[in-house]
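A note on names: the letters A, B, ... follow the listed sequences, proteins ahead of strands, and every chain is numbered from 1. Source: prediction; values computed, not measured.
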Number of protein chains: 2
Amino acid sequence: MDTDDEFRISPPHRELLDQILDKWSLSVLNELCERPCRFNELRRAIPQVTQKSLTSTLRRLERNGVVEREVVSTRPVAVRYRITPLGKTLRPPIDVLLAWASQNMPAITRAREEFDTREEETGF
Amino acid sequence: MDTDDEFRISPPHRELLDQILDKWSLSVLNELCERPCRFNELRRAIPQVTQKSLTSTLRRLERNGVVEREVVSTRPVAVRYRITPLGKTLRPPIDVLLAWASQNMPAITRAREEFDTREEETGF
DNA sequence: CAGGATCCAACGGGATACTG
DNA sequence: CAGTATCCCGTTGGATCCTG
C-alpha cells in the first residue's frame, strides 16, 4: 500500500537535476556540445556569467561526469573543457525541455498576464 | 554569422525552467498529475516541504498557468489545486528527464566517487 | 483549513584583488 | 591564462506565531 507513497521524485534525482539544470549549466553544456572550450572562451560565450560561478559550474559538471577537464601544460597553462559521452546523452532530454518551453511560452505569458491583472484587482 | 551566437538559452527560457523545475515544483506537479489535491493533502504528500515553500511554489505554478486554484466556500474554506491542460503537457518532458536521471544515476555516482577520491589525493 | 506575517540563518552570487 | 581568496549582500528557506 505504501508502495509508491514514499516514492515521489527521490532526493537523489532531485539533487541530480539541481546540479545539472541549474542556472548556468545549460548554457555551458550547450556551448561544450558544439566544441571543446577553454575557460575564457566560455566566459566570452556566456557573457553574464561571473568567473566564480563559471568555475563552480564547471567543477560541478565535472564531478557529475558530464564534463571533462584537461590541463595542457604549456606556458601559461591552458585548460580545455569538453563534454563527455555521458554528457552528450543529456542533449535529448534538454532539447525536449527547451522545445516544450518554446512551444508553450505564449500560453505561459498569457497566463502570467492574466494572473497579474487578477492580482491587481483583488490585491488592492 | 552571429546568427545563433547570441542565441544560447535565452533568459525567458531560463527563467521559465527556473520556475517550473525548481526544488518543489516537480513533486507538486507529480502529485497533482495523479489527482487534485487540497493544500494540506499536498503537505502530507510531500512531508519535507514547509508551508511557506509550498505556498510560494503553488503561487508560482498558478501564475505560470500549469496549476489551477479553486476556492470552495464552505466553512472552513477548502482550496482545491488541480493541474491544468497546459500543466499536463509538462509530463512528457519531465518524464524524459527523470528517465535520464534513473538510467544514468549509476554512472553519475561512479563519476562522483572518482572525482572525490581524485580530489583527496590531489588536494592533500 | 489554508494560509499570512515575521524573524533569522544559510547560501549563492557578484565584485575585487591576487597568484602560479 | 585559469583560476583562488575575500568580502559582502540579497535572496531562499526554515521555524514560529497568528488569523478569517
Roughly, in whole Å, what's the span from [atom1] in [X] to [atom2] in [N]?
X	N	atom1	atom2	answer
A:N40	D:dT4	CG	P	13 Å
A:F39	C:dG20	CZ	P	18 Å
A:R43	C:dA15	CZ	P	10 Å
A:W24	C:dG13	CH2	P	9 Å
A:E41	D:dA2	CD	P	8 Å
B:E70	C:dA2	CD	P	12 Å
B:R80	C:dC1	CZ	C1'	13 Å
B:K23	C:dA10	NZ	C1'	12 Å

B:S25 side chain to B:L21 main-chain N or O, any donor-acceptor pair under 3.5 Å?
->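 Not a single qualifying donor-acceptor pair exists.
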With a cut-off of less than 4.0 Å, is there a side-chain N or O of [X] near OP1 or OP2 of [N]?
X	N	answer
A:R38	D:dA2	yes
B:Y81	C:dC1	no
B:R69	C:dG3	yes

Going by distance alone, is a donor N or O of one side chain under 3.5 Å from an acceptor N or O of the other, for A:T109 and A:E113?
->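 No, because no side-chain N or O of A:T109 sits under 3.5 Å from a partner of the opposite role on A:E113.
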Answer yes if the side chains of B:R59 and B:N64 hold a donor-acceptor pair under 3.5 Å, and no otherwise.
->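 Side chains of B:R59 and B:N64: no pair found under 3.5 Å.
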Minimum heavy-atom separation for A:T57 to A:W24, with atom names?
->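 Of all heavy-atom pairs spanning A:T57 and A:W24, the closest is OG1-CB, 3.7 Å.
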Heavy-atom distance under 4.5 Å between the side chains of B:L16 and A:I108, does that happen here?
->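 The answer is yes; the side chains approach within 4.5 Å.
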Do A:L42 and A:L32 touch side chain to side chain, with heavy atoms closer than 4.5 Å?
->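 A:L42 vs A:L32: side chains touch.
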Does B:D116 pair with B:R112 as a salt bridge, N-O distance under 4.0 Å?
->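 No salt bridge links B:D116 with B:R112.
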Assign each of A:D22 and A:Q51 to its nearest nucleotide of DNA chain C by heavy atoms, then name whichever residue's nucleotide is nearer the 5' end.
->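 Closer to the 5' end of DNA chain C: A:D22.
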A:V49 or A:P76: which one's nearest nucleotide on DNA chain C is closer to the 5' end?
->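 In this pair, the answer is A:V49.
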Listed in order of residue number, which residues of residues 52-67 of chain A have a non-hydrogen atom at under 4.0 Å from DNA chain C?
->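 Under 4.0 Å from DNA chain C: A:K52, A:S53.
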Counting any heavy atom closer than 4.0 Å, what does A:R75 reach on the DNA or RNA strands: base, sugar-phosphate only, or nothing?
->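 Since no nucleic acid heavy atom lies under 4.0 Å of A:R75, the category is nothing.
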